[in-house]
Amino acid sequence: MNRFFFNSIVLIIAAAGILGCAPQKQEAQRPNILYIMSDDHAYQAISAYGHGLNETPNIDRLADEGAIFTRATVTNSICAPSRAVLLTGKHSFVNGKVDNAQPFNWDQPNFPKLMQANGYQTAMIGKIHLDGIPQGFDFSMVLPGQGHYYNPDFLIDGKTVRKEGYCTEIITETALNWLKNERDPNKPFCLLYHQKAPHRNWKPAPKYLTLYDDVTFEPPANFFDDYEGRGTAAKEQEMQIDGHARWGHDFKMIVDPNGDSTGFINDLKRFTPKQREEWLAAYTPKNEAFKAKYKSLSHKEIALWKYNRYIKDYLRTIKSVDDGVGEVLDYLEQAGLAENTIVVYTSDQGFYLGEHGWFDKRFMYEESFRTPLLMRYPKEIKPGTKIDKLVQNLDFAPTFLDYAEVEIPEEMQGESFRKLVSGETDQWRDAVYYTYYEYPSVHMVKRHYGVATERYKLMHFYYDIDEWEMYDLQTDPMEMKSIYDDPAYADVQEMLHKKLEELREYYGDSDELNKKYLDAYLAHRNRR
Ligand code: SGN
Ligand code: CA
């Protein structure tokens with residue numbers, strides 16, 4: 001072959017690469033991302049975590065065929081801030097969305113925007129809970145605010161559309177339809193499939209209204225907690241199942257045991273006549289049976305009934321979430337997409353299922369600080385992988401960008417856990433930082449921040465109190481007694497204070513920032 005001819009061939013091959021052949025090949029190899037998130041789904045209510053409460057066979061498939069994270073945590077245990085963190089990869093005090101009340105700035109970089117700019121097709125379907133039009137998505141269909149379980153409204157390209165049916169099922173159908181019919185099969189996709197369930201006030205699907213009717217659940221060992229051994233914040237919260245949950249809104253009584261109307265009837269106005277009829281047929285007999293014996297029950301028996309009504313409705317809504325995960329995983333398999341799709345299941349935070357007598361979240365205590373995290377990617381993650389390291393929701397954005405081969409912006413504060421979950425490294429951070437701001441507000445959980453290591457936790461509650469709490473999770477996994485003032489732990493206390501200061505400095509948090517966000521919060525409340 002003469003030299004000129006050879007060089008020409010090289011040039012032609014190179015040009016073909018630049019003009020599209022080579023990148024297209026590479027494009028086909030970049031993984032799809034299916035990011036499934038539910039709202040307030042406690043790890044205690046996923047059977048793969050082994051708590052024995054319920055069965056979630058479809059979510060469990062991700063752990064069997066991929067990885068389960070036992071100590072994934074959030075940086076701020078509340079809905080909208082958690083979503084802002086996962087999109088931006090930055091702590092609340094940096095992305096600005098510190099509580100549910102203050103506005104979110106969509107103009108800052110987020111991982112879907114970056115993936116979109118780098119050849120991915122992106123979609124957001126379900127609950128986002130961030131005001132404003134979502135940025136970074138080729139398609140978005142989101143619930144305005146909290147959304148409704150029955151016949152929910154959705155915002156599609158800024159327009160409100162009411163859809164008849166059950167929210168969890170509608171979100172699943174829409175996600176499946178997007179995967180099957182709407183997306184461009186020549187591009188890798190990134191789909192955020194985000195359920196509203198199992199958020200309060202737990203309304204099950206018509207087909208699950210009587211699920212668990214024949215079961216009695218035992219509450220956690222610390223359900224009747226008296227909060228001795230902890231500070232003022234634990235004592236003054238307003239999230240007790242027996243105390244703060246309401247007869248109508250939470251326990252689904254139209255008339256309470258004392259004969260007073262609860263207002264719950266208004267919730268049923270949104271239902272179609274058929275939905276209402278099915279609902280009443282399922283709940284009226286249970287409610288009447290309880291009311292008939294109410295006066296003869298002890299306080300403790302009533303508390304246990306409340307716990308059962310709460311946990312059953314909560315788990316019923318999860319059943320539909322798990323069904324949806326199954327449908328979507330089945331579709332990936334049928335369509336030949338399972339191998340090249342990273343599937344993540346997580347929640348915006350954890351939740352109390354009666355631990356300390358509570359529902360809701362917000363505290364840095366384990367049940368709401370932790371969040372479930374399961375992940376499958378057959379190409380890199382070995383089936384049955386278990387990760388105990390301290391990953392956080394802060395890490396999602398950099399992790400997804402890493403898989404998508406998109407440069408991770410300097411301003412993102414999380415770390416990609418790609419190499420951790422593939423087993424390529426076991427090097428990881430040894431402590432995480434936490435902040436919580438929404439106070440005074442519903443459930444009255446005081447402002448706090450803190451640091452957690454694998455074994456210990458230190459928290460500072462501030463604003464209208466100034467109290468420190470410290471826990472040894474090895475000797476006290478239920479966090480029943482603060483050891484902050486225990487002389488035997490003086491060295492640990494010193495170590496944790498040091499770590500806390502290091503992390504605040506590293507991430508850029510300070511008392512001044514706390515003050516700034518407090519002032520903005522109080523001003524926002526006064527305007528309303
Ligand atoms: C609502 C709920 C609260 C819940 C917040 C925040 N009350 O106010 O129980 O803590 O949302 O939840 S309800 O009357 O609407 O049920 S979050 O997940 O959006 O942060
Ligand atoms: Ca939530």
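Just follow the structure's listing: the first ligand is 1, and inside any ligand the first atom is 1. Start at 1 with the first residue, then count along the sequence.
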Q. Could you go step by step and tell me if Phe93 and Tyr507 meet the ring pair (Phe, Tyr, Trp, His ring centres under 6.0 Å) rule?
A. CA-CA 9 Å; Phe93 48 88; Tyr507 289 122; 7.2 Å; no
Q) Short check: any N/O/S atom of Ser82 below 3.0 Å from the Ca ion (ligand 2)? A) no
(Q) Check this for me, if you would: do Lys90 and Glu411 make a salt bridge, where the nitrogen-to-carboxylate-oxygen distance has to be below 4.0 angstrom? (A) yes
Q: Do me a favour and list the nearest non-hydrogen protein atom to atom 19 (O) of ligand 1 with residue, atom name and distance?
A: Gln146 NE2, 2.8 Å
Q. In terms of atom number and element, which parts of ligand 1 are under 4.0 angstrom from non-hydrogen atoms of His129?
A. 19 (O)
Q) Sequence neighbours excluded, which residues qualify as side chain to side chain contact (heavy atoms under 4.5 Å, CB included) partners of Asn308? A) Thr216, Phe217, Lys312
Q: Can you sort out the partners of Glu467 under salt bridge (Lys or Arg N to Asp or Glu O under 4.0 Å), two or more places apart, ordered by chain and number?
A: none
Q) Out of curiosity, is Met239 lining ligand 1, as in a heavy atom under 4.0 Å away? A) no
Q) So does Asp99 pair up with Arg525, basic N to acidic O under 4.0 Å? A) no
Q: May I ask you to check if ligand 1 and Asp360 share an N or O to N or O distance below 3.5 Å?
A: yes
Q: Look at atom 18 (O) of ligand 1 and say which protein heavy atom is nearest, naming residue and atom and giving the distance to 0.1 Å.
A: Lys361 NZ, 2.9 Å
Q. Would you call Arg230-Glu479 a salt bridge at under 4.0 Å N-O?
A. no
Q: Look at atom 7 (N) of ligand 1 and say which protein heavy atom is nearest, naming residue and atom and giving the distance to 0.1 Å.
A: Arg200 NH1, 3.3 Å
**Q.** Arg83/Asp39 salt bridge by N-O under 4.0 Å criterion
**A.** yes
Q.
How wide is the angle at the Ca ion (ligand 2) spanned by Asp39 OD1 and Asp348 OD1, rounded to 10 degrees?
A. 80°
Q. Any idea which atoms of ligand 1 are less than 4.0 Å away from a heavy-atom of Cys79?
A. 17 (S), 18 (O), 19 (O), 20 (O)
Q: Please lay out, stage by stage, how Arg362 and Glu438 fare under the test salt bridge (Lys or Arg N to Asp or Glu O under 4.0 Å).
A: CA-CA 8 Å; Arg362 298 159 193 269; Glu438 197 176 281; 3.1 Å; yes
Q | Arg362: numbered ligand 1 atoms lying under 4.0 Å from its heavy atoms | A | 4 (C), 5 (C), 6 (C), 10 (O)
Q) Can you check whether Val442 has an N/O within less than 3.5 Å of an N/O in ligand 1? A) no
Q) Closest N/O/S atom of Asp40 to the Ca ion (ligand 2), by atom name? A) OD1
Q | Protein residue, atom and distance nearest to atom 16 (O) of ligand 1, heavy-atom basis | A | His249 NE2, 2.9 Å
Q. What is the ring orientation for Tyr35 with Phe396, classed by angle as parallel under 30°, tilted 30 to 60°, or perpendicular over 60°?
A. tilted
Q.
Could you identify the single nearest non-hydrogen protein atom to atom 9 (O) of ligand 1 and state the distance to 0.1 Å?
A. His443 NE2, 2.7 Å
(Q) Please list, in number order, the atoms of ligand 1 under 4.0 Å from a heavy atom of Ile78. (A) 20 (O)
**Q.** Lys/Arg N to Asp/Glu carboxylate O, Asp267 vs Lys269, below 4.0 Å
**A.** no
Q: Below 4.0 angstrom from a heavy atom of Asp39, which ligand 1 atoms are there? Numbered from 1 as shown, please.
A: 18 (O)
